[in-house]
Amino acid sequence: MKLTGRNSVESNRIAISCRGLMKSYGTGDAQTLALRGVDLDIRYGELLMLVGPSGSGKTTLLSIIAGILDQDAGQCLVLDHDFKHMNATDRARVRGLSVGFVFQTFNLLPSLTVAENVAVPLLINGMPRKEAAARARGLLDSFGLGGRAEALPAQLSGGQQQRVAIARALVHEPKLIVCDEPTSNLDHATGHHAMEMLRREAQAPDRALVVVTHDARIFEFADRIAHMDDGRIVEVSSGTAQETPQ
(Lines give C-alpha, C1' and ligand atoms only; values in the text may rest on other atoms or scores of the structure.)
Protein backbone atom coordinates (compact mmCIF):
# COMPACT_ATOMS: atom_id res chain seq x y z
CA MET A 1 0.00 0.00 0.00
CA LYS A 2 1.40 3.36 -0.97
CA LEU A 3 0.45 6.35 1.09
CA THR A 4 0.23 10.01 0.35
CA GLY A 5 1.54 12.75 2.56
CA ARG A 6 5.15 11.75 3.10
CA ASN A 7 6.85 15.07 2.46
CA SER A 8 8.25 13.72 5.51
CA VAL A 9 11.46 13.91 6.63
CA GLU A 10 13.13 15.87 3.95
CA SER A 11 13.21 18.55 6.61
CA ASN A 12 15.54 17.96 9.52
CA ARG A 13 13.90 20.68 11.59
CA ILE A 14 13.23 19.37 15.07
CA ALA A 15 9.70 19.75 16.42
CA ILE A 16 10.28 17.84 19.69
CA SER A 17 13.57 17.25 21.47
CA CYS A 18 13.74 15.03 24.56
CA ARG A 19 16.96 14.57 26.51
CA GLY A 20 17.44 12.39 29.57
CA LEU A 21 13.76 12.23 30.50
CA MET A 22 13.10 10.57 33.84
CA LYS A 23 9.68 9.98 35.39
CA SER A 24 8.59 7.90 38.38
CA TYR A 25 5.31 7.21 40.13
CA GLY A 26 4.90 6.55 43.83
CA THR A 27 7.50 6.78 46.58
CA GLY A 28 9.79 4.51 48.59
CA ASP A 29 9.30 0.80 48.05
CA ALA A 30 6.24 1.51 45.91
CA GLN A 31 8.13 3.72 43.48
CA THR A 32 7.95 2.72 39.82
CA LEU A 33 10.31 4.16 37.22
CA ALA A 34 8.26 4.89 34.11
CA LEU A 35 10.98 6.64 32.08
CA ARG A 36 14.69 5.95 32.50
CA GLY A 37 16.64 8.57 30.56
CA VAL A 38 14.73 8.86 27.29
CA ASP A 39 16.41 10.68 24.39
CA LEU A 40 14.30 11.30 21.28
CA ASP A 41 14.01 13.83 18.46
CA ILE A 42 10.87 14.11 16.33
CA ARG A 43 11.05 16.14 13.14
CA TYR A 44 8.52 18.35 11.46
CA GLY A 45 6.71 16.52 8.67
CA GLU A 46 7.05 13.19 10.47
CA LEU A 47 4.62 10.60 11.77
CA LEU A 48 6.42 8.80 14.58
CA MET A 49 4.92 5.84 16.40
CA LEU A 50 5.76 4.81 19.96
CA VAL A 51 5.38 1.07 20.39
CA GLY A 52 6.21 -1.49 23.06
CA PRO A 53 4.61 -3.68 25.72
CA SER A 54 2.19 -2.36 28.32
CA GLY A 55 4.05 -0.51 31.05
CA SER A 56 7.01 0.35 28.83
CA GLY A 57 6.49 4.11 29.24
CA LYS A 58 4.78 5.01 25.94
CA THR A 59 1.80 6.89 27.37
CA THR A 60 3.97 8.60 30.00
CA LEU A 61 6.30 9.88 27.29
CA LEU A 62 3.36 11.01 25.15
CA SER A 63 1.85 12.82 28.13
CA ILE A 64 5.08 14.72 28.78
CA ILE A 65 5.37 15.67 25.11
CA ALA A 66 1.76 16.93 25.19
CA GLY A 67 2.32 18.99 28.34
CA ILE A 68 -0.04 16.91 30.47
CA LEU A 69 2.68 15.53 32.77
CA ASP A 70 5.99 16.97 33.99
CA GLN A 71 9.15 14.91 33.87
CA ASP A 72 11.17 14.48 37.07
CA ALA A 73 14.47 15.17 35.30
CA GLY A 74 15.74 15.90 31.83
CA GLN A 75 14.46 18.33 29.23
CA CYS A 76 11.64 18.19 26.71
CA LEU A 77 11.32 21.04 24.20
CA VAL A 78 8.07 20.94 22.24
CA LEU A 79 7.70 23.43 19.38
CA ASP A 80 10.42 25.46 21.15
CA HIS A 81 8.38 25.48 24.39
CA ASP A 82 9.41 23.96 27.72
CA PHE A 83 6.11 23.04 29.39
CA LYS A 84 7.76 22.16 32.69
CA HIS A 85 8.84 25.75 33.27
CA MET A 86 5.50 27.35 32.33
CA ASN A 87 2.76 28.35 34.71
CA ALA A 88 -0.60 26.63 34.33
CA THR A 89 -2.16 29.48 32.35
CA ASP A 90 0.63 29.68 29.77
CA ARG A 91 0.80 25.91 29.45
CA ALA A 92 -2.94 25.67 28.79
CA ARG A 93 -2.75 28.49 26.24
CA VAL A 94 0.10 26.90 24.27
CA ARG A 95 -1.52 23.47 24.42
CA GLY A 96 -4.84 24.88 23.26
CA LEU A 97 -3.26 26.63 20.29
CA SER A 98 -0.57 24.15 19.28
CA VAL A 99 -1.61 20.60 20.23
CA GLY A 100 -4.41 18.39 18.89
CA PHE A 101 -5.42 15.22 20.74
CA VAL A 102 -6.92 11.97 19.43
CA PHE A 103 -7.86 9.48 22.15
CA GLN A 104 -8.59 5.76 22.21
CA THR A 105 -12.08 6.35 23.64
CA PHE A 106 -12.83 9.34 21.38
CA ASN A 107 -13.70 11.59 24.41
CA LEU A 108 -16.55 13.32 22.61
CA LEU A 109 -18.91 15.34 24.80
CA PRO A 110 -22.17 13.36 24.75
CA SER A 111 -24.53 16.31 25.17
CA LEU A 112 -23.03 18.31 22.29
CA THR A 113 -23.73 17.78 18.62
CA VAL A 114 -21.02 16.56 16.28
CA ALA A 115 -20.43 20.10 14.97
CA GLU A 116 -20.30 21.51 18.50
CA ASN A 117 -17.75 18.87 19.53
CA VAL A 118 -15.50 19.74 16.60
CA ALA A 119 -15.81 23.47 17.34
CA VAL A 120 -14.67 23.13 20.98
CA PRO A 121 -10.92 23.88 20.39
CA LEU A 122 -11.83 26.99 18.39
CA LEU A 123 -14.15 28.28 21.11
CA ILE A 124 -11.51 27.62 23.78
CA ASN A 125 -9.10 29.72 21.73
CA GLY A 126 -11.57 32.61 21.58
CA MET A 127 -13.02 32.30 18.08
CA PRO A 128 -16.57 33.70 17.78
CA ARG A 129 -19.20 30.97 17.93
CA LYS A 130 -20.59 31.58 14.44
CA GLU A 131 -17.14 31.43 12.81
CA ALA A 132 -16.19 28.35 14.83
CA ALA A 133 -19.37 26.57 13.79
CA ALA A 134 -18.77 27.37 10.12
CA ARG A 135 -15.20 26.07 10.23
CA ALA A 136 -16.29 22.91 12.06
CA ARG A 137 -18.99 22.22 9.48
CA GLY A 138 -16.56 22.77 6.62
CA LEU A 139 -14.13 20.24 8.06
CA LEU A 140 -16.93 17.75 8.69
CA ASP A 141 -17.96 18.11 5.05
CA SER A 142 -14.43 17.23 3.94
CA PHE A 143 -14.54 14.17 6.21
CA GLY A 144 -17.83 12.99 4.69
CA LEU A 145 -19.78 13.80 7.85
CA GLY A 146 -21.55 17.00 6.81
CA GLY A 147 -24.90 15.24 7.01
CA ARG A 148 -24.26 14.20 10.62
CA ALA A 149 -23.31 17.63 11.98
CA GLU A 150 -26.44 17.89 14.17
CA ALA A 151 -26.28 14.30 15.43
CA LEU A 152 -25.16 13.41 18.94
CA PRO A 153 -22.09 11.19 19.33
CA ALA A 154 -24.19 8.26 20.56
CA GLN A 155 -25.99 8.26 17.20
CA LEU A 156 -22.74 7.56 15.29
CA SER A 157 -20.79 4.37 14.66
CA GLY A 158 -17.38 3.91 16.25
CA GLY A 159 -15.65 4.78 13.00
CA GLN A 160 -17.73 7.94 12.59
CA GLN A 161 -16.97 8.98 16.17
CA GLN A 162 -13.25 8.55 15.53
CA ARG A 163 -13.51 10.71 12.40
CA VAL A 164 -15.21 13.38 14.50
CA ALA A 165 -12.41 13.09 17.08
CA ILE A 166 -9.81 13.52 14.33
CA ALA A 167 -11.68 16.54 12.96
CA ARG A 168 -11.71 18.07 16.45
CA ALA A 169 -7.95 17.49 16.75
CA LEU A 170 -7.28 19.23 13.43
CA VAL A 171 -9.81 22.06 13.37
CA HIS A 172 -7.54 24.64 15.03
CA GLU A 173 -4.60 23.69 12.76
CA PRO A 174 -2.18 22.67 15.55
CA LYS A 175 1.51 22.08 14.95
CA LEU A 176 1.51 18.84 16.96
CA ILE A 177 -0.99 15.98 16.85
CA VAL A 178 -0.74 13.36 19.61
CA CYS A 179 -2.73 10.14 19.37
CA ASP A 180 -3.15 7.54 22.12
CA GLU A 181 -4.18 4.16 20.67
CA PRO A 182 -6.37 5.81 18.00
CA THR A 183 -7.36 2.53 16.30
CA SER A 184 -7.64 0.07 19.17
CA ASN A 185 -11.46 0.27 19.30
CA LEU A 186 -11.85 0.05 15.52
CA ASP A 187 -11.94 -2.86 13.11
CA HIS A 188 -9.14 -3.25 10.59
CA ALA A 189 -10.74 -1.36 7.70
CA THR A 190 -12.04 1.47 9.87
CA GLY A 191 -8.68 1.82 11.65
CA HIS A 192 -6.88 2.06 8.32
CA HIS A 193 -9.29 4.72 7.16
CA ALA A 194 -8.69 6.72 10.35
CA MET A 195 -4.92 6.55 9.83
CA GLU A 196 -5.24 7.52 6.18
CA MET A 197 -7.17 10.59 7.31
CA LEU A 198 -4.50 11.49 9.84
CA ARG A 199 -1.72 11.28 7.27
CA ARG A 200 -3.66 13.10 4.59
CA GLU A 201 -5.13 15.86 6.73
CA ALA A 202 -2.54 16.34 9.45
CA GLN A 203 0.88 15.67 8.02
CA ALA A 204 2.60 18.75 6.67
CA PRO A 205 6.11 20.26 6.65
CA ASP A 206 5.26 22.41 9.69
CA ARG A 207 3.50 19.73 11.72
CA ALA A 208 4.44 16.56 13.61
CA LEU A 209 2.38 13.53 14.60
CA VAL A 210 3.11 11.17 17.50
CA VAL A 211 1.05 7.99 17.80
CA VAL A 212 1.14 5.53 20.70
CA THR A 213 -0.11 2.16 19.50
CA HIS A 214 -0.12 -1.58 20.06
CA ASP A 215 -1.76 -2.06 16.68
CA ALA A 216 0.79 -3.60 14.31
CA ARG A 217 -1.75 -3.31 11.49
CA ILE A 218 -1.04 0.43 11.25
CA PHE A 219 2.77 0.38 11.44
CA GLU A 220 2.89 0.92 7.68
CA PHE A 221 1.71 4.51 8.21
CA ALA A 222 4.81 5.46 10.23
CA ASP A 223 7.85 7.32 8.98
CA ARG A 224 9.75 6.03 12.02
CA ILE A 225 8.92 3.69 14.89
CA ALA A 226 10.42 4.17 18.36
CA HIS A 227 10.41 0.89 20.27
CA MET A 228 10.16 1.23 24.06
CA ASP A 229 10.81 -1.26 26.82
CA ASP A 230 11.14 -0.77 30.57
CA GLY A 231 11.12 3.03 30.33
CA ARG A 232 13.74 3.28 27.61
CA ILE A 233 13.80 3.66 23.85
CA VAL A 234 15.64 0.55 22.77
CA GLU A 235 15.46 1.06 19.00
CA VAL A 236 14.26 3.58 16.44
CA SER A 237 13.52 1.96 13.10
CA SER A 238 12.31 3.26 9.75
CA GLY A 239 8.61 2.86 9.08
CA THR A 240 7.20 1.52 5.86
CA ALA A 241 5.19 4.52 4.67
CA GLN A 242 5.90 5.30 1.04
CA GLU A 243 5.26 8.34 -1.04
CA THR A 244 2.86 7.95 -3.92
CA PRO A 245 4.71 8.57 -7.23
CA GLN A 246 3.68 11.71 -9.06
Legend entry - Test log, rule side-chain contact (heavy atoms from CB on, under 4.5 Å), inputs Leu156 and Phe106: CA-CA 12 Å; Leu156 305 183; Phe106 314 140; over 6 Å; no

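- A salt bridge links Asp41 with Arg19: at least one charged nitrogen is closer than 4.0 Å to a carboxylate oxygen.
- The shortest side-chain heavy-atom distance between Gln162 and Thr183 does not fall under the 4.5 Å cut-off.
- A side-chain donor-acceptor contact under 3.5 Å links Gln160 to the backbone of Ser157.
- In this structure, Phe143 and Val164 have side chains that are not in contact, with every pair of non-hydrogen atoms separated by 4.5 Å or more.
- At a threshold of 4.5 Å between side-chain heavy atoms, the hydrophobic network of Ile, Leu, Val, Met, Phe, Trp and Tyr places Val38 and Leu77 in two separate groups.
- Using a 4.5 Å heavy-atom threshold, the side chains of Arg224 and Arg43 count as touching.
- Shortest non-hydrogen contact noted between Thr60 and Ala34 is OG1-CB, 3.9 Å.
- A donor-acceptor distance shorter than 3.5 angstrom exists from the side chain of Asp223 to the backbone of Leu47, with no hydrogens or angles considered.
- Residue Leu145 is not grouped with residue Leu112 when hydrophobic side chains (ILVMFWY) are merged at heavy-atom distances under 4.5 angstrom, including chains of intermediate members.
- Under the 4.5 Å side-chain criterion, counting only non-hydrogen atoms from C-beta, Ile65 is in contact with Cys76.
- In this structure, Arg199 forms no cation-pi arrangement with Phe221, as its terminal cationic atom is not both closer than 6.0 Å to the ring centre and no more than 45° off the ring axis.
- Applying the salt bridge (charged side-chain N to carboxylate O under 4.0 Å, His left out) rule to Asp229 yields no partners; only residues at least two apart in sequence or on another chain are considered.
- Between the CD1 atom of Ile166 and the SG atom of Cys179 there is a distance of 7.0 Å, given to the nearest 0.5 Å.
- Between the Arg148 side chain and the Leu140 main chain, no donor and acceptor come within less than 3.5 Å of each other.
- Counted within 6.0 Å of CZ on Arg129, heavy atoms from surrounding residues, nucleotides or ligands total 12 or fewer; the atom is thus considered open.
- By the ring pair (Phe, Tyr, Trp, His ring centres under 6.0 Å) test, His188 pairs with His192, sequence neighbours left out.
- Considering all non-hydrogen atoms of both residues, Tyr44 and Asp206 come closest at CD2-C, 3.4 Å.
- Met49 CE to Ile218 CD1: the interatomic distance, rounded to the nearest 0.5 Å, is 4.0 Å.
- Put simply, the side chain of Lys175 never gets that close to the backbone of Ala208: no donor and acceptor are under 3.5 Å apart.
- With contacts defined as side-chain heavy-atom distances shorter than 4.5 Å, the pair Leu79/Val94 does not qualify.
- Taking all atoms of both residues into account, the shortest heavy-atom contact from Pro174 to Arg207 is O-NE, 2.5 Å.
- Note: Arg163 CZ to His193 NE2 = 4.5 Å, rounded to the nearest 0.5 Å.
- The backbone N or O of Met228 sits nowhere less than 3.5 Å from a side-chain atom of Lys58 that would complete a donor-acceptor pair.
- Interatomic distance, CG of Leu209 versus CG of Leu198, reported as 6.0 Å (0.5 Å rounding).
- Connection of Leu123 to Val114 is not established within any shared hydrophobic cluster, with ILVMFWY side chains joined at heavy-atom distances below 4.5 Å, either directly or through further cluster members.
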Inset, instruction - Begin with the C-alpha distance, continue with both residues' side-chain angles, and end with the deciding distance and a verdict on side-chain contact (heavy atoms from CB on, under 4.5 Å) for Leu40 and Leu61. - result: CA-CA 10 Å; Leu40 180 66; Leu61 178 56; 4.3 Å; yes

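- Under a 3.5 Å cut-off, the side chain of Asn117 and the backbone N or O of Leu109 do form a donor-acceptor pair.
- Annotation for Asp80: atom CG does not count as buried by contact number, only 12 or fewer foreign heavy atoms lying within 6.0 Å.
- In terms of modelled atom types and a separation under 3.5 Å, the side chain of Glu181 and the main chain of His214 share a donor-acceptor contact.
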Inset, instruction - Carefully, step by step, assess Asn107 and Phe101 under the rule side-chain contact (heavy atoms from CB on, under 4.5 Å). - result: CA-CA 10 Å; Asn107 283 15; Phe101 297 88; over 6 Å; no

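- One finds the CG atom of Leu21 at 10.0 Å from the CG atom of Asp72 (value rounded to the nearest 0.5 Å).
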Inset, instruction - Check step by step if side-chain contact (heavy atoms from CB on, under 4.5 Å) holds for Asp70 and Arg91. - result: CA-CA 11 Å; Asp70 284 337; Arg91 182 187 297 217; 2.7 Å; yes

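- In this structure, the side chains of Arg168 and Leu108 come closer than 4.5 Å at one or more pairs of heavy atoms.
- Side-chain contact between Val210 and Leu50: present, with at least one pair of heavy atoms (C-beta onward) separated by less than 4.5 Å.
- Summarising the geometry of Arg36 relative to Leu33, their closest heavy-atom pair is NH1-CD1, 3.5 Å, with the distance given to 0.1 Å.
- Between the side chain of Thr190 and the backbone N or O of Asp187 there is no donor-acceptor pair closer than 3.5 Å.
- Taking all atoms of both residues into account, the shortest heavy-atom contact from Ile64 to Gln71 is CG2-OE1, 3.6 Å.
- Ion pairing between a basic and an acidic side chain is recognised when a charged N comes within 4.0 Å of a carboxylate O; Asp82 and Lys84 show no such pairing.
- Residues His172 and Leu97 are not in side-chain contact: their nearest non-hydrogen atoms beyond the backbone lie 4.5 Å or more apart.
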Inset, instruction - Carefully, step by step, assess His227 and Ser237 under the rule side-chain hydrogen bond (donor to acceptor under 3.5 Å, both in side chains). - result: CA-CA 8 Å; His227 302 261; Ser237 60; 3.0 Å; yes

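- In this structure, the separation between OG1 on Thr113 and CG on Leu152 is 7.0 Å, given to the nearest 0.5 Å.
- Within the 3.5 Å criterion, the main-chain N or O of Ser184 finds no donor-acceptor partner in the side chain of Asp215.
- The two residues Val118 and Val171 have their closest heavy-atom pair at O-CG1, 3.2 Å.
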